[in-house]
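Since the structure comes first, as structure tokens, the remarks are kept for the end.
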Amino acid sequence: AILIYDADDRLVLCNPRYREVSPGTMMAVEYGTRFEDVLRRAAESGHIVAARQDTNAWLADRMARHRCPGQPEVQEVEGDRWMLITERLQEGGGMVVLRADITDAVHKERALKQALHDAERAERSLREAVNAMPAGLDIYDEQDRLVLCNDQMARLRPHLPVAESLGKTYEELLREGLRYGIPEEAKGQEELWLAHELAIRGHRPGPEVRHYPNGTWMHMHECRTPSGMTVCVRLDISDLIEQRQKVEAARQESQRMRQLLERAVEALPVGIEIFDEQDRLVLYNQQLSRMYPYIDYAEHLGKGFVDILRYSVSRGLIPSAKGREEAWIAERLSEHGSSTSTLVQRLSDGRWINIYETRTPENYVVAVWLDITNLIEQRQALEAAQQAARLLDPQPGEWVLDACAAPGGKTAHLLERQPKLAGVVAVDADEQRLKRVQENLDRIGLHAQVIHGDASTPDLWWPQGQFDRIL
């Protein structure tokens, strides 16, 4: 819109666009109207936003600028509309006033500023979020130049200052790292490693773990964005690696201790079987297999104690259980692991086994099998010797012959039962067993004539006449 005022500041010309540009402003457009009257009418109509609070003050200020026009000014009118007002003095003293509706431009500028503000705020939020990440983050542009590096990445790579690194290519940064010996696996083959690293850039088969000279372990993941940028994430996993190493060391130590335990168990001259807290067989030694070859213990690993009992009973391996199998199993289970206990058990082959069981603080049951067949036989032999001496009933002053003396139990018992005998002759055809007779007599402080010979040919070894009693 164009308005022209004469030297007396009265309206002399107004084009038709004025109404289109200023609809509803209630401005007077009669020719000859003074500019101040036109302005006052517009201000008092309330359509000029800046004039609403103090109309007179606004008029005074506006008239001052009108008399000495300078730069164009922007004026807000009702309805969030905006006008650009330009005033120019004429040589004859008149003035030309131009009014342009710049509402669309102002709205677009406002939207642009808001968008910029939102973008700046989003960028700040993004940077804060990126810097708050526990992982290091690098972003490279389409030319593979570093454009973003978060604080964690800067801490992870102190040898590459961020300010100096931004704008450098990935290859340049790799070469900088190689100068500091990073990574360790590239040492001695730097160019070969660099060529391989650049060849797989952006399409690695998967994450990588790298070890740095300062002891740090880094988990690195790299991917290419649809726009051609490269994002690299690095996470310090030193604590995780250290924990894994400790777990592995503990596992190896546990394995070593288990091997040591197994060797120690295998070295024992007794049978060993161990049941876990669920009463399942978890360990046995070969000595047990040799002592009790009727069970394949390898097949019974992991099976319950009661299952092994039933297996033995069902095959007649426990003579004392014959005819009362279920009752015997119940008795055996009541004794098993209830406390430290000792059980003497006769096997089907005639051997005698002493089974010692104890429960550990971990609720495991350890059973020790000891073959006591020799002890049982010796005890039985001693009981037989005692019975034989009682039946022989030697008297003082008599000569007694023990015709099958080894290993000496009967001879010793004869001497102990009747110390006033004239003499005792101990004869045995086995010279080696006869030595045990002499050793046993010496051990308990008794004396007899120990002779190597056959009782069926007494003339060859006893020329002194007859014996009073012969055993």
Provide the closest heavy-atom pair for [X] versus [Y] in the form atom of the first, atom of the second, distance.
{"X": "L235", "Y": "P134", "value": "CD1-O, 3.7 Å"}
{"X": "L283", "Y": "L301", "value": "N-CD2, 4.0 Å"}
{"X": "V282", "Y": "R258", "value": "O-NH2, 4.0 Å"}
{"X": "D236", "Y": "W217", "value": "OD1-O, 3.4 Å"}
{"X": "R224", "Y": "G202", "value": "NH2-CA, 3.7 Å"}
{"X": "T373", "Y": "W352", "value": "OG1-N, 2.9 Å"}

One thing to verify: whether [Y] and [X] come together as a salt bridge, which I'm taking to mean a side-chain N less than 4.0 angstrom from a carboxylate O.
{"X": "K435", "Y": "E431", "answer": "no"}
{"X": "R436", "Y": "E439", "answer": "no"}
{"X": "R157", "Y": "E176", "answer": "no"}
{"X": "E248", "Y": "R244", "answer": "no"}
{"X": "R469", "Y": "E398", "answer": "yes"}
{"X": "D138", "Y": "R234", "answer": "yes"}
{"X": "E172", "Y": "R175", "answer": "no"}
{"X": "E128", "Y": "R124", "answer": "no"}

If we only count heavy atoms from C-beta on, is the [X] to [Y] side-chain gap below 4.5 Å?
{"X": "E171", "Y": "D144", "answer": "no"}
{"X": "Y284", "Y": "I272", "answer": "no"}
{"X": "L401", "Y": "L471", "answer": "no"}
{"X": "R346", "Y": "S320", "answer": "no"}

If you round to the nearest 0.5 Å, how far is [atom2] of [Y] from [atom1] of [X]?
{"X": "C232", "Y": "M220", "atom1": "SG", "atom2": "CE", "result": "5.0 Å"}
{"X": "L309", "Y": "L317", "atom1": "CG", "atom2": "CG", "result": "11.5 Å"}
{"X": "I372", "Y": "N354", "atom1": "CD1", "atom2": "CG", "result": "4.5 Å"}
{"X": "L414", "Y": "D393", "atom1": "CG", "atom2": "CG", "result": "10.5 Å"}

Quick check on [X]: does its [atom1] atom have over 12 non-hydrogen neighbours (other residues, nucleotides or ligands) under 6.0 Å away?
{"X": "Q278", "atom1": "CD", "result": "yes"}
{"X": "Q466", "atom1": "CD", "result": "no"}
{"X": "R52", "atom1": "CZ", "result": "yes"}
{"X": "R417", "atom1": "CZ", "result": "yes"}
{"X": "Q143", "atom1": "CD", "result": "yes"}
{"X": "R110", "atom1": "CZ", "result": "yes"}
{"X": "H107", "atom1": "NE2", "result": "yes"}

Using only atom types and a distance under 3.5 Å, with no angle test, would you say the side chain of [X] pairs donor to acceptor with the backbone of [Y]?
{"X": "T225", "Y": "M229", "value": "yes"}
{"X": "W462", "Y": "G465", "value": "yes"}
{"X": "S254", "Y": "A250", "value": "no"}
{"X": "Q189", "Y": "E185", "value": "yes"}
{"X": "E266", "Y": "Q286", "value": "yes"}
{"X": "N150", "Y": "L137", "value": "yes"}
{"X": "H452", "Y": "A429", "value": "yes"}
{"X": "N131", "Y": "D151", "value": "yes"}
{"X": "K410", "Y": "C404", "value": "yes"}

Is there a salt bridge (Lys or Arg N to Asp or Glu O under 4.0 Å) between K246 and E253? Walk through the geometry before answering. CA-CA 10 Å; K246 288 181 178 179; E253 178 63 15; over 6 Å; no

For K187 and E184, what are the C-alpha separation, side-chain angles and deciding distance, and is it a salt bridge (Lys or Arg N to Asp or Glu O under 4.0 Å)? CA-CA 6 Å; K187 189 174 182 180; E184 286 186 336; over 6 Å; no

I'd like to know whether R310 forms a salt bridge (Lys or Arg N to Asp or Glu O under 4.0 Å) with D307, so could you lay out the CA-CA distance, the side-chain angles of the two residues, the decisive distance to 0.1 Å, and finally the verdict. CA-CA 5 Å; R310 292 190 182 280; D307 298 324; 5.7 Å; no

Is the Lys NZ or Arg CZ of R201 less than 6.0 Å from the centre of Y140's six-membered ring, within 45° of the axis?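 Yes - R201 lies over the ring of Y140, closer than 6.0 Å to its centre and within 45° of its axis.
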
Exercise: do [X] and [Y] side chains pair donor with acceptor under 3.5 Å:
{"X": "Q243", "Y": "D239", "value": "no"}
{"X": "T360", "Y": "E362", "value": "yes"}
{"X": "Q287", "Y": "R290", "value": "yes"}
{"X": "D349", "Y": "Y294", "value": "yes"}

Do V425 and F467 pass the side-chain contact (heavy atoms from CB on, under 4.5 Å) test, and can you show the C-alpha distance, the side-chain angles, and the key distance before you say yes or no? CA-CA 9 Å; V425 177; F467 292 97; 3.6 Å; yes

L446 and its side chain to side chain contact (heavy atoms under 4.5 Å, CB included) partner, picked from V424, N440, L415, T411: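 Result: among V424, N440, L415, T411, L415 is the only option passing the side chain to side chain contact (heavy atoms under 4.5 Å, CB included) with L446.
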
Q259 and R256: side chain to side chain donor-acceptor pair (under 3.5 Å), yes or no, with the steps? CA-CA 5 Å; Q259 291 174 347; R256 188 185 72 82; over 6 Å; no

Could you go through E357 and H336, starting from their C-alpha distance and side-chain angles, then the distance that decides it, and tell me whether this counts as side chain to side chain donor-acceptor pair (under 3.5 Å)? CA-CA 7 Å; E357 288 184 348; H336 176 65; 3.1 Å; yes

Would you call the rings of Y292 and W369 parallel, tilted or perpendicular, where under 30° means parallel and over 60° means perpendicular?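 Rings of Y292 and W369: tilted, 30 to 60°.
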
Parallel, tilted or perpendicular: which describes the rings of F275 and F305, with under 30° parallel and over 60° perpendicular?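 The rings of F275 and F305 stand perpendicular, inter-plane angle above 60°.
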
Derivation and outcome, side chain to side chain donor-acceptor pair (under 3.5 Å), residues W82 and D80: CA-CA 7 Å; W82 299 82; D80 193 25; 3.0 Å; yes

Please name the residue in the list R81, E76, E78 that meets the side-chain hydrogen bond (donor to acceptor under 3.5 Å, both in side chains) test with H47.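 Among R81, E76, E78, the one that satisfies the side-chain hydrogen bond (donor to acceptor under 3.5 Å, both in side chains) with H47 is E78.
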
